[in-house]
Amino acid sequence: MASLIVVGANGLLGQNLIKRFRKKHQIFAASVEEQPFFPADHVYSYTQLDITNRVAVIDFLQTIKPDIVINTAAFTNVDACEEQPEHCWSVNVRGVEYLVDASRSFNPIFIHVSTDYVFDGENGPYSEEDEPNPRGNYARSKLAAEHVVENSNLEYIIARTQVLFGVANGVRHNFVTWVIEQLTNNKKIRIVDDQIGTPTYAPDFCEAIDRLLEREAFGLFHVSGAEIISRYDFAVKIAQVFELDASLIERITSKELKQKAPRPMNSAFKVYKLINYSGWEPHSLDEALKLMKKELAVVDG
Ligand SMILES: NC(=O)C1=CN([C@@H]2O[C@H](COP(=O)(O)OP(=O)(O)OC[C@H]3O[C@@H](n4cnc5c(N)ncnc54)[C@H](OP(=O)(O)O)[C@@H]3O)[C@@H](O)[C@H]2O)C=CC1
Ligand SMILES: Cc1cn([C@H]2C[C@H](O)[C@@H](COP(=O)(O)OP(=O)(O)O[C@H]3O[C@@H](C)C(=O)[C@@H](O)[C@H]3O)O2)c(=O)[nH]c1=O
C-alpha cells in the first residue's frame with residue numbers, strides 16, 4: 001500500500017481516482033472547498049487546500065510526504081480562462097510549480113493531468129511525439145504546466161486526456177451528463193459536428209493510471225478512449241444508449257456556436273503508447289456509456 005495525495009479531489013477525476021484507489025492505497029485528498037464531495041469515510045482523509053497558496057501547499061505535502069502525488073486541480077472552464085487569464089495562470093501553472101517545489105525534498109512519483117487542447121487540432125489524431133501548438137489561455141497554461149513537471153527532476157507521468165465523462169458529486173456538467181439532462185427535459189440542443197476527439201470514461205482514465213503505476217511506466221501518455229468521434233455523433237450515441245430522443249439534436253458547426261476560447265477541430269489521440277505500456281485497452285464508447293448508465297442508476301437509487 002502506497003500513500004497517495006489526490007489534489008483537486010472534489011472534481012470529476014479527483015472523485016473517480018478516490019473511488020479507484022481508496023481500497024488499494026492510503027489516500028489523502030485535498031481540494032479548494034471546505035468539505036469533500038466524495039463521501040469522506042475512515043478509508044481516506046480530506047484537507048481543504050488552495051494550490052495557489054504556496055505556504056499551505058508546502059505545509060500539506062511536507063507533513064504527509066506521500067509516495068505519489070496526483071494533481072487534478074485546475075481552472076477547467078475553458079471560456080472563463082479567456083476572461084480571467086491571471087486566475088487561469090495562477091491555478092494551472094503557478095499552483096503546479098508550488099506542488100512540484102514542495103515535492104522535491106521527498107521525491108514522490110508526480111502524476112499530472114493535461115489536455116488535448118495543447119494541440120491546435122489541425123493534424124489530429126495526435127501521438128505523444130507530435131508538436132503541441134496551444135491556442136487560448138487554458139491551452140497555453142496547461143502546456144506551460146507540462147513543462148514545469150517535465151523539468152522537475154521528479155519521476156512523473158503526464159497524462160493528457162480529453163472530453164472526460166462520468167459520475168461524481170457536485171461537479172459541473174460533463175458533455176454526457178449535459179446531453180442527458182437536456183434531452184431528458186425535452187430541450188433541443190445544437191451540437192457541433194466539426195470538433196472531433198476521443199472521449200474518455202473517467203473510470204477508464206483511473207484504470208490506466210493504476211496500470212501505468214503498477215508497471216512503473218513513466219513519461220508522457222495520451223490517456224483517452226480509442227474511438228474517434230465528432231461531438232454531434234457522440235451526442236447521438238448518448239441518446240441511443242440512454243434511450244432519449246435523438247431528433248432533439250441539431251447538427252451545427254463551431255462557427256455557429258461562437259465559443260469564446262478557440263477549440264481544436266481534430267484533437268483525437270492515438271493511444272498506442274498507453275496500450276503498449278499498460279497492457280490494457282479502454283472500453284468502447286458504447287460499453288463505457290452503458291457502464292455509466294449503471295453508475296447513474298445506482299446514484300439515482
Ligand atoms: N474535464 C475534461 O474533459 C478534461 C479535463 N482535463 C484536465 O483534467 C484535470 C481534472 O479535470 P476535471 O476533474 O474534469 O476538472 P474539475 O473542474 O471537475 O476538477 C478540478 C478540481 O480542482 C479544484 N480546484 C480549482 N482550483 C483549485 C485550487 N486553486 N486549489 C485546489 N483545487 C482547485 C476544482 O474546484 P472548483 O470546482 O471549486 O473550482 C475542482 O474540484 C484538470 O487538470 C483538467 O485540466 C483534461 C482534459 C479534459
Ligand atoms: C454547450 C455546447 C457545447 N457544444 C460542444 C462544443 C464543445 O467543444 C463541446 C464540449 O463543451 P465543453 O464546454 O464541455 O467543452 P470544453 O470545456 O471545451 O471541454 C474540454 O474540457 C477541458 C477541461 C479540456 O481540457 C478539454 O479536453 C475538453 O474536454 O460541446 C455544442 O456543440 N453545443 C453546445 O451548446
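The first residue of the sequence shown is numbered 1, and numbering continues consecutively from there. We count ligands from 1, going down the list as the structure has it; atoms in each ligand are counted the same way.
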*asked:* Under the rule for side-chain contact (heavy atoms from CB on, under 4.5 Å), what residues qualify as partners of A235, not counting sequence neighbours?
replied: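 Expected list: F175, V179, I191, I249.
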Please report which non-hydrogen protein atom sits nearest to [atom], along with the residue it belongs to and the distance in Å to one decimal place.
{"atom": "atom 21 (C) of ligand 1", "value": "G8 O, 3.8 Å"}
{"atom": "atom 32 (O) of ligand 2", "value": "V192 N, 2.8 Å"}
{"atom": "atom 21 (O) of ligand 2", "value": "V78 CG2, 4.3 Å"}
{"atom": "atom 9 (C) of ligand 2", "value": "R231 NE, 3.3 Å"}
{"atom": "atom 4 (N) of ligand 2", "value": "L257 CD2, 3.6 Å"}
{"atom": "atom 35 (O) of ligand 2", "value": "W178 CH2, 3.4 Å"}
{"atom": "atom 16 (P) of ligand 2", "value": "Y117 OH, 3.5 Å"}
{"atom": "atom 6 (C) of ligand 2", "value": "Q259 NE2, 3.3 Å"}

Going by the atom numbers of ligand 2, which of them fall below 4.0 Å from some non-hydrogen atom of [X]?
{"X": "Q195", "value": "6 (C), 7 (C), 8 (O)"}
{"X": "R190", "value": "31 (C), 32 (O), 33 (N), 34 (C), 35 (O)"}
{"X": "T115", "value": "24 (C), 25 (O), 26 (C), 27 (O)"}
{"X": "F175", "value": "10 (C), 30 (O)"}
{"X": "Y138", "value": "22 (C), 23 (C), 24 (C), 25 (O)"}

*Report yes if some N/O of T52 lies less than 3.5 Å from some N/O of ligand 1; otherwise report no.*
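N/O-N/O distance under 3.5 Å: no.
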Tell me which one of [options] gets a heavy atom nearest to [atom].
{"atom": "atom 18 (O) of ligand 1", "options": "L12, V57, N10, T72", "result": "L12"}
{"atom": "atom 46 (C) of ligand 1", "options": "A30, S31, S114", "result": "S114"}
{"atom": "atom 6 (N) of ligand 1", "options": "Y138, F205, F75", "result": "Y138"}
{"atom": "atom 38 (O) of ligand 1", "options": "E33, R172, Q15", "result": "E33"}
{"atom": "atom 8 (O) of ligand 1", "options": "T76, V91, V113", "result": "V113"}
{"atom": "atom 3 (O) of ligand 1", "options": "N174, L164, L99, N71", "result": "L164"}
{"atom": "atom 47 (C) of ligand 1", "options": "V32, T161, L49, V7", "result": "T161"}

*Testing Y277, F269, F205 for ring-ring contact (aromatic ring centres under 6.0 Å, His included) with H222, which one passes?*
F269
Closest non-hydrogen atom pair, [X] against [Y]:
{"X": "Y98", "Y": "T52", "value": "CE1-O, 3.4 Å"}
{"X": "D233", "Y": "I229", "value": "CB-CG1, 3.5 Å"}
{"X": "Q195", "Y": "Q259", "value": "NE2-OE1, 3.1 Å"}

*Quick one: does Y232 get within less than 4.0 Å of ligand 2, heavy atoms only?*
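It does not, in that no heavy atom of Y232 comes within the 4.0 Å cut-off of ligand 2.
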*Please verify whether a non-hydrogen atom of D116 lies at under 4.0 Å from ligand 2.*
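Flag set, D116 near ligand 2.
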*Is atom 30 (O) of ligand 2 in close reach of the protein, with a heavy atom under 4.0 Å away?*
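So atom 30 (O) of ligand 2 has protein heavy-atom neighbours under 4.0 Å.
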*asked:* Determine whether any protein heavy atom is located less than 4.0 Å from atom 12 (P) of ligand 2.
replied: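 Answer no: nothing from the protein, no heavy atom, is under 4.0 Å.
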Run the salt-bridge test on [X] and [Y] with the 4.0 Å N-O cut-off and return the result as yes or no.
{"X": "K142", "Y": "E146", "answer": "no"}
{"X": "R263", "Y": "D79", "answer": "yes"}
{"X": "R54", "Y": "D101", "answer": "no"}
{"X": "K270", "Y": "E129", "answer": "no"}

By number and element, which atoms of ligand 1 are closer than 4.0 Å to a non-hydrogen atom of [X]?
{"X": "Q162", "value": "47 (C), 48 (C)"}
{"X": "V163", "value": "3 (O), 48 (C)"}
{"X": "D50", "value": "28 (C), 29 (N), 30 (N)"}

*Heavy atoms, side chains only, cut-off 4.5 Å: are Y201 and V176 in contact?*
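No, their side chains stay 4.5 Å or more apart.
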_Do P134 and Y117 make a side-chain contact, defined as non-hydrogen atoms from C-beta onward lying under 4.5 Å apart?_
no
*Does atom CZ of F106 have more than 12 heavy-atom neighbours, drawn from other residues, nucleotides or ligands, at distances under 6.0 Å?*
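Above 12, so yes.
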*Should V163 be counted as touching ligand 2, given the test is an N or O pair under 3.5 Å?*
yes
*Where does Y98 meet ligand 1, judged by heavy-atom distances below 4.0 Å: at the side chain, the backbone, both, or neither?*
neither
Distance only, no hydrogens: is a donor on one side chain within 3.5 Å (strictly under) of an acceptor on the other, for [X] and [Y]?
{"X": "D194", "Y": "S254", "value": "yes"}
{"X": "D120", "Y": "Y126", "value": "yes"}
{"X": "T184", "Y": "E181", "value": "no"}
{"X": "D286", "Y": "S284", "value": "no"}

*asked:* Taking the six-membered ring of Y44 as reference, does the cationic atom of R22 (NZ for Lys, CZ for Arg) lie under 6.0 Å from its centre and within 45° of its axis?
replied: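 No, R22 does not sit over the ring of Y44.
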*Does ligand 1 have any atom sitting under 4.0 Å from a heavy atom of A168?*
no
